[in-house]
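Beneath this line is the structure, given in structure tokens, with notes to follow.
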Amino acid sequence: MTELHDTVLDWYDANARDLPWRSATASAWSVMVSEFMLQQTPVSRVLPIHEAWMERWPTPADLAAEPTGEAVRAWGRLGYPRRALRLHAAATAIVEQHDGEVPASYDELIALPGVGDYTAAAIATFAYGKRHVVLDTNVRRVFARTLSGVEFPAQSVNKAERELAAGVLPLDEPTAATWSVAVMELGALVCTAANPSCTRCPVADLCAWRAAGHPAYDGPPRKVQTWAGTDRQCRGRLMAVLRDADAPVHRSRLDTVWSDETQRRRALEGLLKDNLAKEVEPDFFALP
DNA sequence: CAGACGTGGGT
DNA sequence: TACCCAAGTCT
């Protein structure tokens, strides 16, 4: 434990947001649902959906008992709706293989649909207090700045970065868990991507990037997501129609939300293939 | 490993 | 207005 640890932990103790999945009484399932929803999605948009989900499906078995389409519908406009599909599939696997209890080990977690390295480490850590390196975009950015002296981390996690994070992970299990959530919170609230608030950063005096004079990012161009006119936008339009419908919709209804026929057909085929939609009878479509 | 995969708020 | 970006995973 170093001054960096003490400072970050003290800052978290005083500044942590009171989020439902951080409650002392939050179930592992609540943590798991939050982690799925938070993938690439801001906290503010997750909060109401997470609350609704926990009320409707307080256990994995409750969700697994419903059709996948109900999960997709209740996902609302969170984005990346296949996360809802994967969460439903994970709930089913938990019922069938883990007696309805969210498993606690990283290996069991990462075997679940929709659970990758980050989410497995996060659930094991935040729901069960295990000691794992938790590397999300916030943690990576904080370490890039404070420890490596650069504005942004590499495009993907490499061995050196993982070892760096492992090297500063407290040995004590519960402290390691708090450390990870504290670093994430610092990245989310202070050491942000666009406009970091160095003036109110608790570790500014210990930050290598600041010490170096905030050198500008000089790595490869960071990928920017195209959106307008893409298949993804088209898929989103089609899914919105299916979500908002209370009965199967005719193909002609889908035609109204996207003019390019070739792209519209391709997008619909993709949704059917991904099991986000189904053709209940010829030319009539609905959520699965 | 690069690209696909939603959505909306902030600047 | 455009562009950036938000607790990634899968192929």
Side-chain angles (χ1 to χ4, degrees), chain A residues 12 16-17 19-22 30-50 72 75-87 89-90 109-127 132-143 151-158 165 177 180-189 191-197 217 220-243 257-258 263 266-267 269-271 273-277:
Chain A
Y12 182 72
R17 287 170 293 180
L19 303 173
W21 46 87
R22 286 183 184 160
S30 175
V31 172
M32 180 169 167
V33 170
S34 80
E35 290 302 340
F36 269 72
M37 292 181 172
L38 287 163
Q39 292 168 3
Q40 301 284 283
T41 308
V43 167
S44 60
R45 293 180 44 216
V46 166
L47 283 168
I49 308 293
H50 180 270
V72 174
W75 199 253
R77 309 186 64 80
L78 268 189
Y80 292 143
R82 45 193 189 188
R83 289 182 293 169
L85 235 36
R86 290 173 181 155
L87 185 48
L109 286 164
I110 203 168
L112 296 172
V115 178
D117 169 70
Y118 162 75
T119 302
I123 296 171
T125 298
F126 303 142
H132 290 281
V133 171
V134 178
L135 276 183
D136 80 318
T137 189
N138 289 304
V139 173
R140 296 188 65 214
R141 186 175 57 251
V142 170
F143 287 163
E151 187 175 13
F152 295 112
Q155 298 263 167
S156 56
V157 178
N158 55 44
S180 290
V181 73
V183 174
M184 285 178 65
E185 191 78 336
L186 186 63
L189 299 182
C191 192
T192 51
N195 297 299
S197 307
Y217 176 75
R222 299 197 294 150
K223 54 174 182 264
V224 295
Q225 292 188 67
T226 52
W227 172 245
T230 60
D231 284 10
R232 271 199 297 170
Q233 185 184 26
C234 182
R235 286 166 58 109
R237 293 268 184 86
L238 300 178
M239 285 301 293
V241 172
L242 300 183
R243 264 201 316 270
V257 297
W258 197 264
Q263 190 173 27
R266 184 171 65 233
E269 285 305 309
L271 292 175
K273 183 174 180 299
D274 290 344
N275 293 316
L276 282 166

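In the text below, chain A, chain B and the rest are named by the order of the sequence lines, each starting its count at 1. Note that the coordinates shown come from a computational prediction; the quantities given were computed from them, not determined experimentally.
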Mind checking side chain to side chain donor-acceptor pair (under 3.5 Å) for [X] and listing every partner two or more places apart, or none if nothing turns up?
{"X": "Thr41(A)", "result": "Arg83(A)"}
{"X": "Gln40(A)", "result": "none"}
{"X": "Ser180(A)", "result": "none"}

So Ile49(A), base contact, sugar-phosphate only, or nothing? Heavy-atom distance under 4.0 Å. nothing
Produce the list of close N/O pairs, under 3.5 Å, pairing protein atoms with atoms of nucleotides 9-11 of chain B; give distances to one decimal.
none

Kindly state each residue pair satisfying salt bridge (charged side-chain N to carboxylate O under 4.0 Å, His left out) with at least one member in residues 30-50 of chain A, sequence neighbours excluded. none
According to salt bridge (charged side-chain N to carboxylate O under 4.0 Å, His left out), who are the partners of [X], at least two apart in sequence or on a separate chain?
{"X": "Asp231(A)", "value": "Arg266(A)"}
{"X": "Arg222(A)", "value": "none"}
{"X": "Arg86(A)", "value": "none"}
{"X": "Asp117(A)", "value": "Arg162(A)"}

Between Arg235(A) and dG6(B), is there a contact of a side-chain N or O with OP1 or OP2 at under 4.0 Å? yes
When you measure from every atom of DNA chain C, which of residues 33-40 of chain A have a heavy atom less than 4.0 Å away? Glu35(A), Leu38(A), Gln39(A), Gln40(A)
Tell me which residues in residues 114-127 of chain A put a heavy atom below 4.0 Å from DNA chain C, sorted by number, or none. Gly114(A), Val115(A), Gly116(A), Asp117(A), Tyr118(A), Thr119(A)
With sequence neighbours left out, the residues meeting ring pair (Phe, Tyr, Trp, His ring centres under 6.0 Å) with Phe143(A) are none
